[in-house]
Amino acid sequence: MVSTFSFEEDEDSDSVEEDEDLGAADSLHAPPDVRARTSTAVANVTVGDADALECGVCFLALRPPIFQCEVGHVVCSACRDKLEATGNGNCHVCRAATRGGYRRCYAMERLVDCIRVPCPYAAHGCDATPPYHGQESHRQVCPHAPCHCPGDSCGFIGSETALMDHFAGAHKWPCTTKVRAGEAFSIRLRDGFNFFLLADHDRCGDGEQAAVTCCSVPCRLFLLNVMKERLSRAISVICIHPHTSSAAAANNGDQQLPLTQCELVFSCYGDRSSCRSHYQSSVFRVVCTDLSSGLPNPENCFQFFVPNTVFGVGDDKNSIQIKARIIN
């Protein structure tokens, strides 16, 4: 397998082996043109066999700490522990005796930390270059991971921010921004899809620091779906989360994302209808999805039913005013 990587030199890395120190000293005395050619070459490296960056036992990407036998065959820390627990004292590749156990391979550790790869979601705006051994960990938390548009026959896929722009621009769906977690807000919902983008203010500071911090705090995108029933309107709340599928796969199909709860409140008073006054409130758990399989089954979502009899003469029959609050 042929893979292209970039190398990033860690200026703070300490050379542990004496020969590494000597090599570093030699490079400092190399002519400037030699050092320049070396830097250019390092920036355009192709690894012909990516298996060389994997543990020879578990075949996972090598990450520090890395160990080697006396011949130089490397193994990851977890597999080193398992091999030493067997007590045979032989290398897993060459079967040579490992007197005193496997030794740390600092040169390989420095190498794998320097090898950088583009984020798999670079096309969606992520410019991060995680280490080769950390690309999966980055992918699972990357804020640029894409979600799907819930529109019929719409194949748009993009980050949460791109989705918000797509909803407002391509579909003209109502979109609300500047919503803060824990704070109640009033919103008029049209029949069909409505969206709001929520920033978690609990993870932001105050004043100027807040402006800096909030820029790096991921927002959460919510869909409020209003469906007309025979006797009522049914409102369901869905969190559009890009990592729902990966979280479920990592937990044998069970969704293991942070619990999000929502509170919806509807009230009306006066002589606008046969109902003189009405108040209802519910707090419920929000379903998370990346919409890759379409909208969740309504039976799996909490539905907030508002009876038609509370609407009076002159009320907009195609919208409803409610108060909402994302609790956590």
For a 4.5 angstrom cut-off between non-hydrogen side-chain atoms, does [X] reach [Y]?
X      : Y      : answer
Cys175 : Phe196 : no
Leu197 : Thr176 : no
Asp113 : Pro64  : yes
Pro296 : Ile238 : yes
Ser137 : Pro130 : no
Arg63  : Ser77  : no
Val265 : Tyr279 : yes
Thr161 : His144 : no

For a quick test of reading the model, state the closest non-hydrogen atom pair linking [X] to [Y] and the distance between them.
X      : Y      : answer
Thr129 : Arg116 : O-CD, 3.0 Å
Ser159 : Pro143 : CB-O, 4.5 Å
Tyr132 : Ala61  : CE2-CB, 4.0 Å
Leu62  : Ala52  : CD1-O, 4.3 Å
Cys149 : Leu163 : N-CD2, 4.1 Å
His124 : Gly158 : ND1-CA, 4.0 Å

With hydrophobic residues grouped by side-chain heavy-atom distances under 4.5 Å, do [X] and [Y] end up in a single group?
X      : Y      : value
Met164 : Val286 : no
Leu291 : Val226 : no
Val287 : Leu295 : no
Leu189 : Leu264 : yes
Val112 : Val117 : yes

Electrostatic pair Glu109-Arg104, nearest N-O below 4.0 angstrom
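So Glu109 pairs with Arg104 through a salt bridge.
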What is the distance from atom [atom1] of [X] to atom [atom2] of [Y], rounded to the nearest 0.5 Å?
X      : Y      : atom1 : atom2 : value
Cys301 : Arg285 : SG    : CZ    : 11.5 Å
Ile322 : Phe185 : CD1   : CZ    : 7.5 Å
Arg180 : Leu198 : CZ    : CG    : 8.5 Å
His241 : Thr289 : NE2   : OG1   : 11.0 Å
Asp290 : Ile157 : CG    : CD1   : 9.5 Å
Ile235 : Cys262 : CD1   : SG    : 10.0 Å

Can you check side chain to side chain contact (heavy atoms under 4.5 Å, CB included) on Cys154 and His166, steps first, answer last?
CA-CA 11 Å; Cys154 181; His166 172 75; 3.3 Å; yes
Glu229: which residues meet the side chain to side chain donor-acceptor pair (under 3.5 Å) condition with it, sequence neighbours left out?
none
His278 and Gln280: side chain donor to acceptor below 3.5 Å:
yes
Is a side-chain donor-acceptor pair under 3.5 Å present for Gln321 with Arg188?
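On atom types as modelled, these side chains qualify, holding a pair under 3.5 Å.
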In sequence, state the C-alpha distance, the side-chain angles, and the governing distance for Val237 and Phe302, and then conclude on side chain to side chain contact (heavy atoms under 4.5 Å, CB included).
CA-CA 8 Å; Val237 182; Phe302 180 86; over 6 Å; no
Test applied, side chain to side chain contact (heavy atoms under 4.5 Å, CB included); reference residue, Glu136; option that passes from His133, His138, Gln140
Gln140
Quick check on Lys323: does its NZ atom have over 12 non-hydrogen neighbours (other residues, nucleotides or ligands) under 6.0 Å away?
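Counting neighbours around NZ of Lys323, 12 or fewer heavy atoms of other residues, nucleotides or ligands fall under 6.0 Å, so no.
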Run the numbers on Phe222 and Ile326 for side chain to side chain contact (heavy atoms under 4.5 Å, CB included), then give the verdict.
CA-CA 10 Å; Phe222 287 83; Ile326 299 299; 3.8 Å; yes
Which word best sums up how the rings of His171 and Phe167 line up, parallel for under 30°, tilted for 30 to 60°, or perpendicular for over 60°?
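Answer is tilted, since the angle falls between 30° and 60°.
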Taking Glu84 for its side chain and Tyr102 for its backbone only, find out whether a donor-acceptor pair lies under 3.5 Å.
yes
Under a 3.5 Å distance rule, please check whether Asn225 uses its side chain to pair with a backbone N or O of Leu223 as donor and acceptor.
no
Verify side chain to side chain contact (heavy atoms under 4.5 Å, CB included) between Leu224 and Phe193, making sure each step is shown before the conclusion.
CA-CA 6 Å; Leu224 293 88; Phe193 295 155; over 6 Å; no
May I ask you to check whether Phe284 and Phe304 place their ring centers less than 6.0 Å from one another?
no
So is Arg80 actually on top of Phe67's ring, under 6.0 Å and inside 45° of the axis?
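Relative to the ring axis of Phe67, which defines the angle, Arg80 lies inside both limits.
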